[in-house]
2 protein chains.
Amino acid sequence: MELKVVNDSRRAAYARGRMADFAARCRAAGLPVTPQRAAIIEALLRATDHPRAETICAEVRRRHPHVSLATVHRTLETLCRIGEARKVTTLHDSARYDGNLKPHHHVVCVRCRRIRDVEIAGLDTALGGAIRAPGFKPLGWSLEIQAVCDNCANSGERAGRSSETSGVGKTPHN
Amino acid sequence: MELKVVNDSRRAAYARGRMADFAARCRAAGLPVTPQRAAIIEALLRATDHPRAETICAEVRRRHPHVSLATVHRTLETLCRIGEARKVTTLHDSARYDGNLKPHHHVVCVRCRRIRDVEIAGLDTALGGAIRAPGFKPLGWSLEIQAVCDNCANSGERAGRSSETSGVGKTPHN
DNA sequence: TTCTCAGATGATAATTATTATCGTCCGGTA
DNA sequence: TACCGGACGATAATAATTATCATCTGAGAA
Ligand SMILES: [Mn+2]
Ligand SMILES: [Mn+2]
Ligand SMILES: [Zn+2]
Ligand SMILES: [Zn+2]
């Protein structure tokens, strides 16, 4: 299993491609194309470090000093909803603790935020030899499986917060 | 690669074992053994769903109605620091967004919270066939590698928040 | 082009989670 | 049993996010 840190040099081309049809994709999603939205996706695509709302806001304000931080928050969630961005941190709202010290991984229900332990035989052994990220000293790793639990699947209701749709797509990984 | 949801039935025995030497391990870490600490670790070990501070507080208050929520927060962080618990959510403090829609994973510096993209050839293919968690409909997954970046390793300073030590251990996974 | 309006934005208040402060209390040791 | 440093409870402060609401604007209709 080969690990490599993604090369920044390809980002520019990727970003340009994404910006090219951004307006069209907005309209396809039924959203007006506002200058704020364009500036925000542009800043997000330019960033290589998975920025927070406030960082993006600061970046956007260099050209559009009037934009509100609330708009940046709202827009980022909107971009996640229409699949133009994703949230790296699916469980950032409140800290969750674990008393189980044995190596294991987690499956998370994106609706009710239930978290259950899972063991994946062979994964840790396979990764153990492969994790050599240049520029970083690895300490450990954890796999999070995003899912919908049977409870939530049956009852159409949402027990969790608003972020069900953000960050997780249909395709493997997000 | 075989995935299985961890059986609850083994939890009771595990919890009993952990409680047995909890006092000793506290003293070994130089911490007084207070009734609050015992009650909190007990509640955490009893829980199977990776509770939040407030949930644990509610549970603890059934027997000790006087405990403060602040103490529960403090104690959970302390337990993480001495390795009696861990935080499932290493990046819960503020949301981080990603414009890169291509399947990839992340390496996170536990000090400055820098997040970089990594690609791990073969991982997604290997997991794709294996992810069948009973009770859950999987939507996707993501691997987070905890690490210390070279910047932080050199400068002994901490640029990030307090949670460097919590949640991540020396051993693979955490 | 001008008109119209649903929805977007900005300003700001409210909410939520967490951490800091500080006076009092107590576990551990002599 | 008396002492002391750290832990606790109460509460204030902070940080991130979300809600509210008056105003503005993108985009289709005329
Ligand atoms: Mn767990
Ligand atoms: Mn990424
Ligand atoms: Zn659920
Ligand atoms: Zn760092």
Side-chain angles (χ1 to χ4, degrees), chain A residues 22-41 51-58 60-61 64-82 87-97 113 158 160-167, chain B residues 22-41 51-58 60-61 64-82 87-97 113 158 160-167:
Chain A
F22 175 71
R25 286 162 68 79
C26 270
R27 292 200 199 90
L31 298 176
V33 183
T34 67
Q36 288 89 339
R37 278 188 189 135
I40 288 165
I41 187 78
R52 325 179 326 137
E54 195 157 325
T55 308
I56 292 186
C57 190
V60 166
R61 279 178 171 164
H64 308 273
H66 55 91
V67 289
S68 164
L69 177 57
T71 297
V72 176
H73 276 288
R74 268 185 306 228
T75 302
L76 287 168
E77 289 303 311
T78 303
L79 292 175
C80 288
R81 182 163 50 78
I82 68 172
K87 204 184 279 195
V88 177
T89 50
T90 53
L91 289 167
H92 73 97
D93 49 353
S94 59
R96 303 283 292 266
Y97 295 90
R113 311 218 155 180
R158 344 239 118 149
R161 296 283 193 81
S162 60
S163 57
E164 168 181 354
T165 52
S166 52
Chain B
F22 176 70
R25 286 162 69 78
C26 270
R27 293 202 198 88
L31 298 176
V33 182
T34 68
Q36 289 88 340
R37 277 187 190 136
I40 288 165
I41 187 78
R52 325 178 327 135
E54 195 157 325
T55 308
I56 292 187
C57 189
V60 166
R61 278 179 172 165
H64 308 273
H66 55 92
V67 289
S68 163
L69 177 57
T71 297
V72 176
H73 276 289
R74 267 185 306 228
T75 302
L76 287 168
E77 288 303 312
T78 304
L79 292 175
C80 288
R81 182 163 48 78
I82 68 172
K87 204 184 278 196
V88 177
T89 50
T90 53
L91 288 167
H92 72 97
D93 48 352
S94 59
R96 302 285 291 268
Y97 295 90
R113 311 219 155 177
R158 346 239 117 152
R161 294 281 192 82
S162 60
S163 56
E164 169 180 354
T165 52
S166 53

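What you are looking at is a predicted structure, and each value in this text was computed from that prediction instead of being measured. All values below come from the heavy atoms of this structure, side chains included, with hydrogens, waters and symmetry mates left out.
- Summarising the geometry, atom OH belonging to B/Tyr97 is positioned 11.5 Å from atom OG1 belonging to A/Thr55; distances are rounded to the nearest 0.5 Å.
- Atom CD1 in B/Ile56 sits roughly 14 Å away from atom P in C/dA17 (whole-Å rounding).
- Across all non-hydrogen atoms, the minimal contact from A/Arg61 to A/Ser68 is NH2-CA, 4.0 Å.
- Between B/Leu79 and B/Phe22, the closest side-chain pair of non-hydrogen atoms falls below 4.5 Å.
- A/Pro51 pairs in a side chain to side chain contact (heavy atoms under 4.5 Å, CB included) with only one of the listed residues (A/Val88, A/Ile56, A/Leu76), which is A/Ile56.
- Residue A/Leu91 holds its CG atom at 12.0 Å from CZ of B/Arg52, rounded to the nearest 0.5 Å.
- Residue A/Glu54 has its side chain nearest to D/dA16 when only D/dA16, D/dT17, C/dA17 are considered.
- Among C/dT18, D/dG9, C/dG10, the nucleotide with an atom closest to any side-chain atom of B/Ser68 is D/dG9.
- Among the heavy atoms of the strands lying under 4.0 Å from A/Ala95 are primed sugar atoms or P, OP1, OP2 only; no base atom is included.
- What separates NE2 of B/His66 from C1' of D/dA7 is a distance of 13 Å, to the nearest Å.
- The CD1-C1' distance, from A/Ile40 to C/dG10, rounds to 12 Å in whole Å.
- Atom-to-atom, CZ of B/Phe22 to C1' of C/dG27 comes out at 14 Å; the value is rounded to the nearest Å.
- Going from atom CZ of B/Arg37 over to atom C1' of C/dC26 covers 12 Å, rounded to whole Å.
- Residue B/Gly30 is the one, among B/Tyr97 and B/Gly30, whose nearest nucleotide of DNA chain D lies closer to the 5' end (criterion: closest heavy atom).
- Scanning both residues, B/Ala53 and B/Val72, for their nearest heavy atoms gives O-CG1, 3.4 Å.
- In the helix from C/dT1-D/dA30 to C/dA30-D/dT1, the rotation axis of the first five pairs and that of the last five pairs differ in direction by 30°, rounded to 10 degrees.
- Separation of atoms OG1 (B/Thr78) and CD1 (B/Ile40) is listed at 9.0 Å; rounding is to 0.5 Å.
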Would you give me the side-chain donor-acceptor pairs under 3.5 Å for residues 25-34 of chain A, sequence neighbours excluded?
| unit_1 | atom_1 | unit_2 | atom_2 | d |
| --- | --- | --- | --- | --- |
| A/Arg25 | NE | A/Glu84 | OE2 | 2.3 |
| A/Arg25 | NH2 | A/Glu84 | OE2 | 2.7 |
| A/Thr34 | OG1 | A/Arg37 | N | 3.1 |

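- Dashed line: the shortest gap from a side-chain N or O of B/Gln36 to OP1 or OP2 of C/dC26 is not under 4.0 Å.
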| Could you write nucleotides 21-30 of chain D as a row of B, S and -, 5' to 3', where a protein heavy atom under 4.0 Å of any base atom gives B, of only sugar-phosphate atoms gives S, and otherwise -? | -----SS---

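- Residue-to-nucleotide proximity on DNA chain D shows that, of A/His73 and B/Val67, the 5′-proximal contact is made by B/Val67.
- When the nearest nucleotides of DNA chain C are assigned to A/Ala70 and B/Ala70 by heavy-atom distance, the more 5′-ward of the two goes with A/Ala70.
- The minimum heavy-atom distance linking A/Val67 with A/Gln36 is given by the pair CG1-CG, 3.6 Å.
- In this structure, B/Glu77 atom CD and C/dT18 atom P are separated by 9 Å, rounded to whole Å.
- C/dT15 atom C1' lies 14 Å from atom CG of A/Asp93, rounded to whole Å.
- Between the CG atom of B/Leu76 and the P atom of D/dC8 there is a distance of 11 Å, given to the nearest Å.
- In this structure, A/Thr90 OG1 and B/Arg96 CZ are separated by 13.5 Å, a value rounded to the nearest 0.5 Å.
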